[in-house]
Amino acid sequence: MTGPVRVVLAGAHGHGWWHLENLRRLTAAGTVELAGVCDVRPVEGLPDGVAFSGDLVELIGRTGAEAAILCTPIHTHADLAVGALRAGAHLLLEKPPAAAYDGYERIAAAVRETGLACQVGFQSLGSEAVPAVRKLVRDGAIGRVTGIGAAGAWARPYSYYSRVPWAGKRRAGGVDVVDGVLTNPLAHAVATAIAVSGAEVESVEVELYRANAIEADDTSSARLRMDDGTTITVAVSLCADRRHEPYLIVHGETGRIRLTYTEDRVEFGGASATHPRADLLENLAAHIRGGADLLVPLERTAGFMRVLEAVRLAPEPRVIPDAFQEVGAEQRVLPGIAGITAASAERLALYSELGVPWALDAAAPPAPVSVPVPASVSVPVSTPAPAPAAIVPAGAAVTSASGPVTSAAGPATDSADTADSVVGLDVGGVRVAEYVIRPRLPVTSSPRPYLHPVRTLSGTVVTEFAPADHVHHLGVSVAVSDLGGGNFWGGRTYVRDRGPAWLGDHGSQHHLAFLRHDPAGFTETLSWRGPGGTEIAREEREVRAVELDGCWALDFSFTLTNLTGAPLAVRSSATKGRAGAGYGGFFWRAPGRTADREVFTEDAEGEERVHGSTAPWLALASPGWTLVFAQRSDPWFVRTAEYPGVGPALAWEKPLVIGDVLARRVVTVVADGRLDRATAAALAEKAMT
């Protein structure tokens with residue numbers, strides 16, 4: 001048969017409007033012909049000659065439709081899909097395919113019985129980005145895959161859950177719905193990760209939470225173990241302050257690949273490529289007319305359905321207390337949730353393993369729920385498968401440290417390099433660090449660009465991001481507790497004779513432009529803006545990754561130019577009366593338990609002796625790694641007992657006044673294993689030359 005494929009649409013409201021627009025587009029192109037619409041409510045504005053019915057099987061028979069699009073409530077999918085197939089129509093079935101695995105099996109049986117096609121509406125699997133990632137893996141670009149992490153954080157208002165009767169429900173009228181974040185809004189994160197893996201799902205663990213007053217999960221994490229040994233984690237939420245584009249990180253022994261699947265964008269080795277995406281209805285029409293392989297045949301979604309079944313069988317989602325939320329008039333927000341999902345993707349960890357306060361309820365200790373997954377379904381194969389929480393005071397705003405500004409220093413222009421929010425640092429082709437230039441953080445974290453994760457050459461992560469004890473510690477950054485009266489450190493501000501207090505005095509640092517950028521580093525300009533948004537300083541920052549003998553060094557310099565026209569004071573909590581709290585400047589927050597950390601210089605050992613010293617270098621060591629910091633200007637601020645962190649202190653005992661310019665350089669050797677004193681000294685000397 002030739003000519004356009006006759007199609008009927010079941011479900012024309014809500015997301016169905018998108019399908020109507022797509023049908024109009026493909027009708028104009030001569031690919032399909034809209035023959036009819038099925039809905040329980042009237043649909044206005046249908047073209048002349050388009051039939052309407054409330055009975056899908058009747059409509060298919062009356063119109064002679066060759067294909068049907070099912071965009072109906074989740075719990076109706078199985079019955080309508082089986083009916084449409086048996087009525088003689090191929091299917092484009094919206095995700096998820098069904099509300100339970102037995103419903104999926106019923107559809108699969110109807111596909112076998114009729115010999116017709118069922119394409120599932122996971123649009124991301126129609127992108128050439130997925131096979132591009134798989135090819136990079138097959139070609140050995142990152143060595144053996146050690147895991148895949150997926151992260152996504154979207155915002156949904158209260159009205160999202162009241163738009164239809166089944167929204168946010170686990171069941172409706174005694175029938176499974178399973179309309180949770182893992183299985184519907186951000187289901188693509190799960191399906192895309194499975195597709196990139198290419199393996200079969202062997203087991204599933206889930207942690208389900210909810211902030212909203214709904215039945216289903218709005219914030220959840222899952223761990224999938226695949227039959228080839230790969231681990232996949234997914235951390236998603238609908239309680240962010242805004243939409244953060246979801247993505248996958250494919251971790252390898254020698255590198256990693258990032259796939260932002262909503263943008264079909266693949267990042268690897270400092271390069272970024274956007275790939276084309278095929279329309280799934282157009283592909284189905286090509287299959288019907290010319291035998292083209294389906295991009296998302298039903299059998300390709302079996303792994304996703306095993307995850308859905310795990311969610312369906314899991315206990316009810318745990319409620320996140322209001323104390324950990326920002327409860328607004330329009331929506332609920334979990335502060336820092338985008339950073340938490342990112343930390344999950346980085347560490348391949350569940351929420352309960354990240355130290356997230358709302359996932360650590362002493363009255364009900366978290367235990368990831370592991371449920372058996374159904375065995376594989378035998379279906380004809382038509383194509384081969386190609387930060388801990390930022391808890392902030394109620395009502396605190398969230399800002400982005402990004403964007404060009406105009407100030408007394410003139411307009412800043414951004415280079416093409418800043419199109420992405422993250423740039424990498426490579427040593428000998430190995431990705432050793434990522435620099436986040438446009439973070440989305442609470443105002444109370446004093447938003448600023450930061451380096452995280454930073455790794456040894458073997459891949460061990462040696463930075464910590466937004467830990468529960470100090471959520472404003474951001475890997476490696478330049479942070480000052482008081483610059484001209486503004487808090488550029490984050491958290492509470494120390495007030496003499498009063499102690500730490502929330503003052504609403506937080507400043508922020510904004511990336512303006514890269515003056516130079518290559519795989520080994522960059523030179524960048526930044527704007528330092530006070531609490532009212534006024535630019536008070538302009539910074540030029542130079543960061544380079546330098547290869548050393550069996551390790552590497554992070555060479556970090558910054559020059560701060562005072563724009564106020566008057567002396568600009570740098571103060572620390574120590575200058576206001578808090579003894580020993582001279583922190584402020586370049587600061588490195590290290591990971592892990594403090595009991596495993598040792599600190600030493602050329603002639604001293606331990607926090608008590610090293611803190612406040614002026615040694616030319618300082619080493620922070622653990623059994624698995626050593627960081628050797630070298631600089632020539634300031635006393636050392638050191639913590640190992642409370643948490644592991646190191647930085648030179650700009651204002652150790654008294655304020656530092658900037659007239660025109662302040663310049664500093666810190667070089668940090670990043671090494672695998674625990675270095676002895678002599679080796680640390682030699683590497684520090686070499687790194688500084």
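- The pair Arg306-Glu202 does not count as a salt bridge, with every side-chain nitrogen at least 4.0 angstrom from each carboxylate oxygen.
- With Asp279 contributing its side chain and Leu281 its backbone, the two residues share a donor-acceptor pair below 3.5 Å.
- Taking 4.5 Å as the limit, every side-chain heavy atom of Val133 sits out of range of all side-chain heavy atoms of Leu248.
- Salt bridge absent: Arg171 and Glu215 never bring a charged side-chain N and a carboxylate O closer than 4.0 Å.
- A donor and an acceptor atom, one from each side chain of His452 and Glu346, are nowhere located under 3.5 Å apart.
- Proximity of Glu207 to Arg318: side-chain heavy atoms (C-beta onward) are nowhere separated by under 4.5 Å.
- Among all heavy-atom pairs drawn from Leu334 and Ser237, the shortest one is CD1-OG, 4.3 Å.
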For this session: Test side chain to side chain contact (heavy atoms under 4.5 Å, CB included) on Phe268 and Val250 and set out the steps.
Result: CA-CA 10 Å; Phe268 170 69; Val250 185; over 6 Å; no
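- The shortest side-chain heavy-atom distance between Arg170 and Leu208 falls under the 4.5 Å cut-off.
- In this structure, His287 contributes its side chain and Ala292 its backbone to a donor-acceptor pair below 3.5 Å.
- Shown here for Asn212 and Cys239, the closest heavy-atom pair between the two residues is ND2-SG, 3.8 Å.
- Between Tyr101 and Tyr104, the ring planes are tilted. Angles from 30° to 60° get that label.
- A salt bridge between Arg256 and Glu434 is present, with a side-chain N of the basic residue lying under 4.0 Å from a carboxylate O of the acidic one.
- You'll find the side chain of Pro96 reaches within 4.5 Å of the side chain of Phe304, heavy atoms only.
- When all heavy atoms of Glu94 and Gly121 are compared, the pair lying nearest together is OE1-O, 3.9 Å.
- Using a 4.5 Å cut-off on side-chain heavy atoms (C-beta onward), Trp625 and Asp672 make no contact.
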Could you give the side-chain donor-acceptor pairs of residues 177-196 under 3.5 Å, partners two or more places apart or in another chain?
| from | atom 1 | to | atom 2 | distance (Å) |
| --- | --- | --- | --- | --- |
| Asp179 | OD1 | Asn184 | ND2 | 2.7 |
| Asp179 | OD2 | Gly168 | N | 2.7 |
| Thr183 | OG1 | Val178 | O | 2.6 |
| Thr183 | OG1 | Gly180 | N | 3.1 |
| Thr183 | OG1 | Gly180 | O | 3.3 |
| Asn184 | OD1 | Lys95 | NZ | 2.9 |
| His188 | NE2 | Gln123 | N | 3.2 |
| His188 | NE2 | Gln123 | OE1 | 2.7 |
| Thr192 | OG1 | Ser124 | OG | 2.7 |
| Thr192 | OG1 | His188 | O | 2.6 |

For this session: Before giving the answer on side chain to side chain contact (heavy atoms under 4.5 Å, CB included), spell out for Val266 and Ile257 the whole-Å C-alpha distance, their side-chain angles and the decisive distance to 0.1 Å.
Result: CA-CA 7 Å; Val266 177; Ile257 305 164; 3.7 Å; yes
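- Between Gln331 and Ala240 the shortest heavy-atom distance is NE2-O, 3.1 Å.
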Exercise. For Thr456 and Val462, what are the C-alpha separation, side-chain angles and deciding distance, and is it a side chain to side chain contact (heavy atoms under 4.5 Å, CB included)?
Worked result: CA-CA 7 Å; Thr456 66; Val462 291; 3.9 Å; yes
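- Panel note: side chain Ser344, backbone Ala349; a donor-acceptor pair is recorded below 3.5 Å.
- Taken from OG1 in Thr341 to CH2 in Trp154, the straight-line distance is 12.5 Å, to the nearest 0.5 Å.
- Rounded to the nearest 0.5 angstrom, Leu70 CG and Leu93 CG are separated by 5.5 Å.
- Closest heavy-atom contact between Gly270 and Arg431: N-NH2, 2.8 Å.
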Problem set entry | Stepwise side chain to side chain contact (heavy atoms under 4.5 Å, CB included) check, Ser220 with Val206 | CA-CA 7 Å; Ser220 295; Val206 295; over 6 Å; no
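- A distance of 11.5 Å separates CG in Leu354 from CZ in Phe465, rounded to the nearest 0.5 Å.
- Listed by chain and number, the residues in a ring-ring contact (aromatic ring centres under 6.0 Å, His included) with His77 amount to none (sequence neighbours excluded).
- Closest approach of Asp39 to Ala12, counting heavy atoms only: OD2-N, 2.8 Å.
- In this structure, CG in Leu348 is found 10.0 Å from CD in Glu353, a value given to the nearest 0.5 Å.
- A side-chain donor-acceptor contact under 3.5 Å links Arg300 to the backbone of Leu295.
- Of the listed residues (Thr219, Asp218, Asp217, Ile320), just one forms a side chain to side chain contact (heavy atoms under 4.5 Å, CB included) with Arg210, and that residue is Asp218.
- There is no side-chain donor-acceptor pair under 3.5 Å between Glu245 and Tyr247.
- Salt bridge status for Arg589 with Glu464: absent, with no side-chain N to carboxylate O gap under 4.0 Å.
- For the pair Pro467/Tyr643, no side-chain contact is recorded, criterion being any heavy-atom separation below 4.5 Å from C-beta on.
- Side chains of Glu253 and Thr146 form a contact here, defined as non-hydrogen atoms less than 4.5 Å apart.
- Both cation-pi conditions hold for Arg163 and Trp166: the charged atom is under 6.0 angstrom from the six-membered ring centre and inside a 45 degree cone around its axis.
- Thr72 OG1 to Leu56 CG: the interatomic distance, rounded to the nearest 0.5 Å, is 8.5 Å.
- Inter-residue side-chain proximity for Val111 and Leu85 is flagged as met; some heavy-atom pair is nearer than 4.5 Å.
- For the side chain to side chain contact (heavy atoms under 4.5 Å, CB included) with Val296, the qualifying choice from Leu284, Asn283, Leu125 is Leu125, the only one to do so.
- The line from CD of Glu205 to CZ of Arg223 is 5.0 Å long, rounded to the nearest 0.5 Å.
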